[in-house]
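The next block holds one structure in the form of structure tokens; read it before the comments.
The basis for the numbers below is simple: all heavy atoms, side chains too, and nothing from hydrogens, waters or symmetry mates.
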Amino acid sequence: MRVEIWSDIACPWCYVGKARFEKALAGFAHRDGVEVVHRSFELDPGRAKGDIEQVVDMLAQKYGRTPEEARGMEANVAANAQAEGLGYRTEGRDHGSTFDIHRLLHLAKARGRQDELLTLAYRANFAEERSVFDDAVLADLAVEAGLDADEARAVLADPGAYADDVRADEREAAELGANAVPFFVLDRRYGISGGQPAEVFTQALEQAWKDRDVSTLTQVGGDAAACDADGACEVPRADPSDQRV
């Protein structure tokens with residue numbers, strides 16, 4: 001069975017959702033028969049390389065909030081990440097174009113190191129004081145993931161390297177109706193949108209494994225926190241209402 005996951009490094013719910021999915025997969029009886037493929041989705045595709053700003057400043061400007069309110073929004077996300085055992089810095093994080101990261105992830109996919117690089121990139125972006133919008137940092141992460149340093153640097157230096165692969169993933173997401181990430185597709189039969197609880201992923205894995213001869217894509221789980229195509233990210237509160245950040 002194949003699980004395809006559309007996500008973006010800039011999306012906090014993709015970071016959280018990956019952890020929740022992996023928790024479900026670890027407890028799945030047929031986990032050795034599951035292939036996981038990560039696919040590209042940019043929340044800010046129009047942002048130019050080098051156009052980098054602090055996340056708190058971006059949030060305040062984009063949503064007309066004060067810096068204090070923007071920090072509160074980040075604190076809400078951090079609480080959800082920390083509940084999954086993930087590190088999350090609420091200050092000093094950068095926001096920029098993720099296109100080069102996605103290109104490098106396609107190199108990692110070709111070399112069998114995609115999940116390793118994605119995990120390191122998420123950690124660097126959300127938990128560590130390392131900017132994933134710096135080519136030198138990306139090259140270091142590639143080496144840590146087991147990629148060849150010269151090959152990684154060559155991809156980063158060539159804007160066309162794996163660019164078609166990134167765009168193909170994004171077109172396919174649109175064709176599948178994915179307008180928010182993370183978006184999980186199980187064997188092209190079941191779709192899960194947002195950073196759902198691990199229990200929802202468990203249910204979906206079991207159902208998809210059981211119904212492997214079904215060909216229609218079915219949505220599993222209700223609405224859950226996600227980052228949509230305009231970059232807005234939902235943050236669940238203690239009450240049933242949500243806000244977007």
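- For residues 10-24, the salt bridge (charged side-chain N to carboxylate O under 4.0 Å, His left out) pairs, not counting sequence neighbours, are Lys18-Glu22, Lys18-Asp115, Arg20-Glu84.
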In residues 24-34, what donor-acceptor pairs under 3.5 Å come from side-chain atoms, sequence neighbours left out?
residue, atom, partner, partner atom, Å
His30, NE2, Trp209, NE1, 3.4
Arg31, NH1, Ala26, O, 3.3
Arg31, NH1, Phe28, O, 3.1

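- Asp187 places a side-chain N or O within donor-acceptor distance of the main-chain N or O of Arg2, the cut-off being under 3.5 Å.
- Looking only at distances, a side-chain donor or acceptor of Arg189 sits under 3.5 Å from a matching main-chain atom of Arg212.
- In this structure a side-chain-to-backbone donor-acceptor pair under 3.5 Å is present from Arg103 to Ala161.
- Listed by first then second residue, pairs satisfying side chain to side chain donor-acceptor pair (under 3.5 Å) with a partner in residues 133-148 read Lys49-Asp135, Arg130-Glu144, not counting sequence neighbours.
- Alongside Val143, the hydrophobic cluster contains no other residue (criterion: ILVMFWY side chains under 4.5 Å).
- Between Asn80 and Val77, the closest side-chain pair of non-hydrogen atoms is not below 4.5 Å.
- Side-chain atoms of Arg111 do not come within 3.5 Å of backbone N or O of Arg113 as any donor-acceptor pair.
- Considering all non-hydrogen atoms of both residues, Pro182 and Gly195 come closest at CG-N, 3.9 Å.
- Judged by distance alone, with hydrogens and angles left aside, the side-chain atoms of Thr98 form no donor-acceptor pair with the main-chain N or O of Ile101 at under 3.5 Å.
- Cluster partners of Phe99, using a side-chain heavy-atom cutoff of under 4.5 Å among ILVMFWY residues and allowing indirect links, are Val166.
- Of all heavy-atom pairs spanning Leu156 and Ala139, the tightest one is CD1-N, 4.0 Å.
- Residue Asp57 holds its CG atom at 11.5 Å from NE2 of His95, rounded to the nearest 0.5 Å.
- A distance of 6.5 Å separates SG in Cys14 from CG in Asp8, rounded to the nearest 0.5 Å.
- Taking both residues in full, the closest heavy atoms of Ile192 and Ala204 are given as CD1-CB, 3.3 Å, listed atom of the first, atom of the second, then distance.
- For the 3.5 Å distance criterion, the side chains of Tyr190 and Asp211 qualify, holding a donor opposite an acceptor.
- Among His38, His106, His102, the single residue meeting the side-chain hydrogen bond (donor to acceptor under 3.5 Å, both in side chains) criterion with Asp169 is His106.
- Between Arg93 and the choices Glu128, Glu129, Glu74, the salt bridge (charged side-chain N to carboxylate O under 4.0 Å, His left out) rule is met once, by Glu74.
- Among all heavy-atom pairs drawn from Asp94 and Ser131, the shortest one is OD2-OG, 2.9 Å.
- Between Tyr88 and Ala81, the shortest heavy-atom distance links the atoms CD1-CB, 3.9 Å.
- Taking NZ from Lys62 and CG from Asp44, the interatomic distance works out to 6.5 Å, rounded to the nearest 0.5 Å.
- By the 4.5 Å heavy-atom criterion applied to side chains, Val132 and Leu141 are counted as neighbours.
- In terms of modelled atom types and a separation under 3.5 Å, the side chain of Asn125 and the main chain of Ile9 share a donor-acceptor contact.
- Counting heavy atoms from C-beta outward, Trp6 and Ser193 have side chains that stay 4.5 Å or more apart.
- A search for salt bridge (charged side-chain N to carboxylate O under 4.0 Å, His left out) contacts involving Asp51 returns Arg47, not counting sequence neighbours.
- A distance of 9.0 Å separates CZ of Phe184 from CD of Gln196, quoted to the nearest 0.5 Å.
- To the nearest 0.5 Å, atom OG of residue Ser40 and atom CD of residue Glu172 are 11.0 Å apart.
- When atom types are taken as modelled, the side chain of Gln82 and the backbone of Gly87 share no donor-acceptor pair closer than 3.5 angstrom.
- The six-membered or imidazole ring of Phe41 lies away from that of Phe183, with a centre-to-centre distance of 6.0 Å or more.
- No donor-acceptor contact under 3.5 angstrom links the side chains of Tyr162 and Arg167, judged on distance only.
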